*Asks:* 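Submitted below is the structure of interest, expressed as structure tokens.
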Amino acid sequence: MPAHNTEIADALDQVADLLELEQGNPFRIRAYRNAARVVRGLGTEVASLLARGEDLPKVRGIGADLAGKIKELATRERLPLLDELRRHVPAIALELLRLPNLGPKRVKLLCEKLHIHSVEQLHRALLDGRVRTLPGFGAGIEKKLLEAIEERSHVPSRFKLAAVEGLAAPLIDHLRKAPGVGQVTVAGSYRRCQETVGDIDIVATAAKGPPVTTWFTQYPEVVRVAAAGDTRATVVLRSGLQVDLRIVPEESYGAALHYFTGSKAHNIAIRRLGQENGLKINEYGVFRGRRRIGGETEAEVYKAVDLPFIPPELRENRGEIEAAAAHRLPKLVELADLRGDLHVHSTATDGHNTIEEMVEAARALGLGYIAITEHSRHLAMAHGLDPARLRRQVAEIDRLNAHIGPFTVLRGIEVDILEDGKLDLPDSALAELDLVVAAVHSRFNLSREQQTERILRAMERPHFTILAHPTGRLIGEREPYDVDMPRLIDAARERGCFLELNAHPDRLDLTDTHCRMAKEAGVLVSIASDAHRDTELSYLRFGVGQARRGWLSPEDVLNARPLEELRPLLRRTIA
DNA sequence: GCCGTTTTCGGCCCGACTGTTTTCAGTCG
């Protein structure tokens, strides 16, 4: 059984953790972390590359040794180095490393001096006052660790974008009223539109920092102030979300925003470029010796290293720097590029608004068309449509289209893909429609081979247009079902059908790397809201964020096309 | 562990905050 990329990446990260605990060479540790990140973001499974007799792509930072280890993990699923390290380091050490304020040094002390073997034991040792007797520990750290252990059980470790949006907006409003504050911007993974966010980073400008950090820590939602200095502060909100604020002078705004937007890997690569050109780049600006040569805007930071501006969503050090240097950055899709939405529900099944209400909401967003795609009969709990009810809905849509003016409702369905790969409605019913969105809603636990075959068979059906939420995951709640995405993408290209990027903030699949694979294969992506009520059409913004992370341009997006260009593409799938 | 138009050895991004250190180590981002 060859290993998946995520498993390879986890193993490499674990090597890094273990080396850290052994206080190994920090640059060696970084090399392993970097390799883990590269493998995780790779479009293709390493194991299938090797099975096809191909080699790993050449990536800066992965030399002969790491490439060998990655291959070994992919094929043999074992790594002698990892086994060896595990023998030296107790398993609990890895777990303790995840706690705040515990790094390799303190973890080592805990294990060696207090013989801690579980988090519960640490908890007891903290309560007994044994921990504070160790060098480097004191009452302060004791308190923080106790808080962290007690908090751990009931706070989600990562937050979905939609949740963060709701928490960040009022905080930003609060900060804008701080004494002497200028700009206030959310940076970090939130600005990069990562699908989940561990904490939020805010960059603010002000001539004097302390009044702003004080104002910040007095925000009513703050339950704990983890740190507060003159220019930075960290708090935890009632929701459990951690917020870091950084205050810089106005002339450093761009450099600070760049620095705190990350990603870390992107920043390291940019700083390194600067260094090669004799520059020092930090959060205060770009410096040649002591002379500051830029940093008021992000564009100045990039200009200093001879690059054009790189959009935040691309900043993962996954080739964007090389692409920028070669002037081959994609022109990324924007929300305003979307002309319609190809996955929308109504009250006919499990939606909460009528088709007319959904049309009004779509119009208000500036869209020109939506497809009504109800569930099919197999999804009984959603009161899915049978052929007769579908026929009646089609007639209703035709009547509606006659008088809603410059807007079109497309006749669609979200048909279930049954376990054997058949679709839940007969071809005769599907033939009446403008498009058929097909989805897996059952039997998520099939083997990779079976699940892939099931979907491939469905794709062969004559009216199959779009594969909805292609991995079925619910972020933080349900793992994706096991499916060979490269094979699905290949099949979609051959078949001339499309993949959905479901914009619901709980789903957001395709993932960014899968979007990029689809783009490279020439398979168009439908960014669709899957709205079940009128307010959810605006979820398209999350889909666009994910699409941008996947390097998609307007021409890669099915519903960035006006209706007259869309229709022939949809018809092409009616084989 | 990686890498090279200064180098195949000796570098490797850079700074803030905390605590218990009384001048800085550990941790974090």
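Throughout, a chain's letter reflects where its sequence line sits, starting with A, and its residues are numbered from 1. When reading the values below, keep in mind they use all heavy atoms of this one structure, side chains included, and skip hydrogens, waters and symmetry mates. Quantities reported herein were computed from a predicted structural model and do not represent experimental measurements.
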*Asks:* Under 3.5 Å, is there a donor-acceptor pair between the side chain of A/S553 and the main chain of A/K331?
*Replies:*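 Such a contact is found between A/S553 side chain and A/K331 backbone.
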*Asks:* If I pick the C1' atom on B/dC17 and the same atom on B/dT23, what distance separates them, to the nearest angstrom?
*Replies:*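 Comparing C1' positions in B/dT23 and B/dC17 gives a spacing of 16 Å.
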*Asks:* Determine which nucleotide pairs with B/dA16, using a 3.5 Å limit on both distances of a Watson-Crick or G-U wobble pair.
*Replies:*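 The base-pairing partner of B/dA16, which may sit in any strand shown, is B/dT27.
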*Asks:* Scan A/T234 against the nucleic acid and name what it touches under 4.0 Å (heavy atoms): base, sugar-phosphate only, or nothing.
*Replies:*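 A/T234: no heavy atom of the nucleic acid under 4.0 Å.
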*Asks:* Using atom C1' of each nucleotide, how far apart are B/dC9 and B/dC14 to the nearest Å?
*Replies:*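 Comparing C1' positions in B/dC9 and B/dC14 gives a spacing of 24 Å.
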*Asks:* When the C1' atoms of B/dT5 and B/dG1 are compared, how many Å lie between them, rounded to an integer?
*Replies:*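 The answer is 24 Å between these two C1' atoms.
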*Asks:* Please work out if A/L99 contacts a base, only the sugar-phosphate, or nothing of the nucleic acid, heavy-atom cut-off 4.0 Å.
*Replies:*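 Contact class for A/L99: sugar-phosphate only.
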*Asks:* Could you check whether any side-chain N or O of A/R507 sits under 3.5 Å from a backbone N or O of A/L501, counting only pairs where one atom can act as donor and the other as acceptor?
*Replies:*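 Flag not set: sc A/R507 to bb A/L501 has no pair under 3.5 Å.
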*Asks:* Hey, does A/R30 reach any base, or is it just sugar-phosphate, or nothing, if we go heavy atoms under 4.0 Å?
*Replies:*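 Base contact - A/R30 has a heavy atom under 4.0 Å of at least one base atom.
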*Asks:* Does A/A139 reach a base, just sugar-phosphate, or nothing at all? Heavy atoms under 4.0 Å.
*Replies:*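 The answer is sugar-phosphate, as A/A139 gets under 4.0 Å only of primed atoms, P, OP1 or OP2.
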*Asks:* Distance check, C1' atoms only: B/dC2 and B/dT8, in whole angstrom units.
*Replies:*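 It works out to 12 Å between them.
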*Asks:* Base, sugar-phosphate or nothing for A/K108? Non-hydrogen atoms, less than 4.0 Å.
*Replies:*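 A/K108: no heavy atom of the nucleic acid under 4.0 Å.
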*Asks:* Closest-nucleotide mapping onto DNA chain B: is A/A227 or A/N25 further toward the 5' terminus? I mean the 5' end.
*Replies:*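 Going by which nucleotide is closer to the 5' end, it is A/N25.
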*Asks:* I'd like the C1' distance from B/dG19 over to B/dC13, given in whole Å.
*Replies:*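 Comparing C1' positions in B/dC13 and B/dG19 gives a spacing of 25 Å.
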*Asks:* Which is true for A/P100 with a 4.0 Å heavy-atom rule: it touches a base, it touches only sugar-phosphate, or it touches nothing?
*Replies:*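 Here A/P100 touches the backbone only, sparing every base.
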*Asks:* Within the 4.0 Å heavy-atom criterion, would you say A/I281 contacts the bases, only the backbone, or no part of the nucleic acid?
*Replies:*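 It contacts sugar-phosphate atoms only.
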*Asks:* Counting any heavy atom closer than 4.0 Å, what does A/N34 reach on the DNA or RNA strands: base, sugar-phosphate only, or nothing?
*Replies:*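 Answer is nothing: A/N34 stays at 4.0 Å or more from every strand.
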*Asks:* Of all the heavy-atom pairs spanning A/T213 and A/T231, show the shortest one and how long it is.
*Replies:*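 Reported closest heavy-atom pair: CG2-C, 4.4 Å.
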*Asks:* According to ring-ring contact (aromatic ring centres under 6.0 Å, His included), who are the partners of A/Y219, at least two apart in sequence or on a separate chain?
*Replies:*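 Listed in chain order: A/H174.
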*Asks:* Quick check: does any side chain N or O of A/D201 sit under 3.5 Å from a backbone N or O of A/S189, one acting as donor and the other as acceptor?
*Replies:*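 Not a single qualifying donor-acceptor pair exists.
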*Asks:* What nucleic acid atoms does A/L102 come within less than 4.0 Å of, heavy atoms only: base, sugar-phosphate, or nothing?
*Replies:*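 Sugar-phosphate only.
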*Asks:* Are A/I281 and A/Y259 packed together at the side-chain level, in the sense that at least one heavy-atom pair is separated by less than 4.5 angstrom?
*Replies:*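 No, too far: nothing below the 4.5 Å cut-off.
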*Asks:* Is there a donor-acceptor pair under 3.5 Å between the side chain of A/D512 and the backbone N or O of A/R549?
*Replies:*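 No, because the side chain of A/D512 does not come within donor-acceptor range (under 3.5 Å) of the backbone of A/R549.
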*Asks:* For DNA chain B, which nucleotides open and close the run of contacts to chain A, 5' to 3', at under 4.0 angstrom from a non-hydrogen atom?
*Replies:*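 Extent of the interface on DNA chain B: B/dG1 to B/dG29.
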*Asks:* Any base atoms under 4.0 Å from A/Y32, or only sugar-phosphate, or nothing? Heavy atoms, all strands.
*Replies:*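 The answer is sugar-phosphate, as A/Y32 gets under 4.0 Å only of primed atoms, P, OP1 or OP2.
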*Asks:* Roughly how far apart, to the nearest Å, are B/dT27 and B/dT21 at atom C1'?
*Replies:*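 15 Å, rounded to whole Å.
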*Asks:* For the pair A/R246 (side chain) and A/V203 (backbone), establish whether a donor and an acceptor sit closer than 3.5 Å, ignoring hydrogens and angles.
*Replies:*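 No: the side chain of A/R246 does not pair with the backbone of A/V203.
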*Asks:* Is the glycosidic angle of B/dT22 within 90° of 0, making it syn, or outside that range, making it anti?
*Replies:*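 Because its glycosidic torsion lies more than 90° from 0, B/dT22 adopts the anti conformation.
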*Asks:* Pick the C1' atom in B/dG10 and in B/dG15, then give their distance to the nearest Å.
*Replies:*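 About 24 Å, rounded to a whole number of Å.
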*Asks:* Give A/K280 one of three labels, base, sugar-phosphate or nothing, depending on what nucleic acid heavy atoms sit under 4.0 Å from its own.
*Replies:*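 Sugar-phosphate contact only - A/K280 comes under 4.0 Å of backbone atoms but never of a base.
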*Asks:* Test your reading of the model: is there a side-chain donor-acceptor pair from A/R541 to the backbone of A/L335, 3.5 Å cut-off?
*Replies:*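 No, the answer is negative, given that no donor and acceptor are paired below the 3.5 Å cut-off.
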*Asks:* Describe the nucleic acid contact of A/A269 in one word from base, sugar-phosphate, nothing, applying a heavy-atom distance below 4.0 Å.
*Replies:*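 It contacts nothing in the nucleic acid.
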*Asks:* Reckon A/Q242 touches a base, only the sugar-phosphate, or nothing at all at heavy-atom distances under 4.0 Å?
*Replies:*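 Sugar-phosphate contact only - A/Q242 comes under 4.0 Å of backbone atoms but never of a base.
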*Asks:* Where each residue is assigned the nucleotide of DNA chain B containing its nearest heavy atom, which of A/G136 and A/P104 is assigned the position nearer the 5′ end?
*Replies:*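 Going by which nucleotide is closer to the 5' end, it is A/G136.
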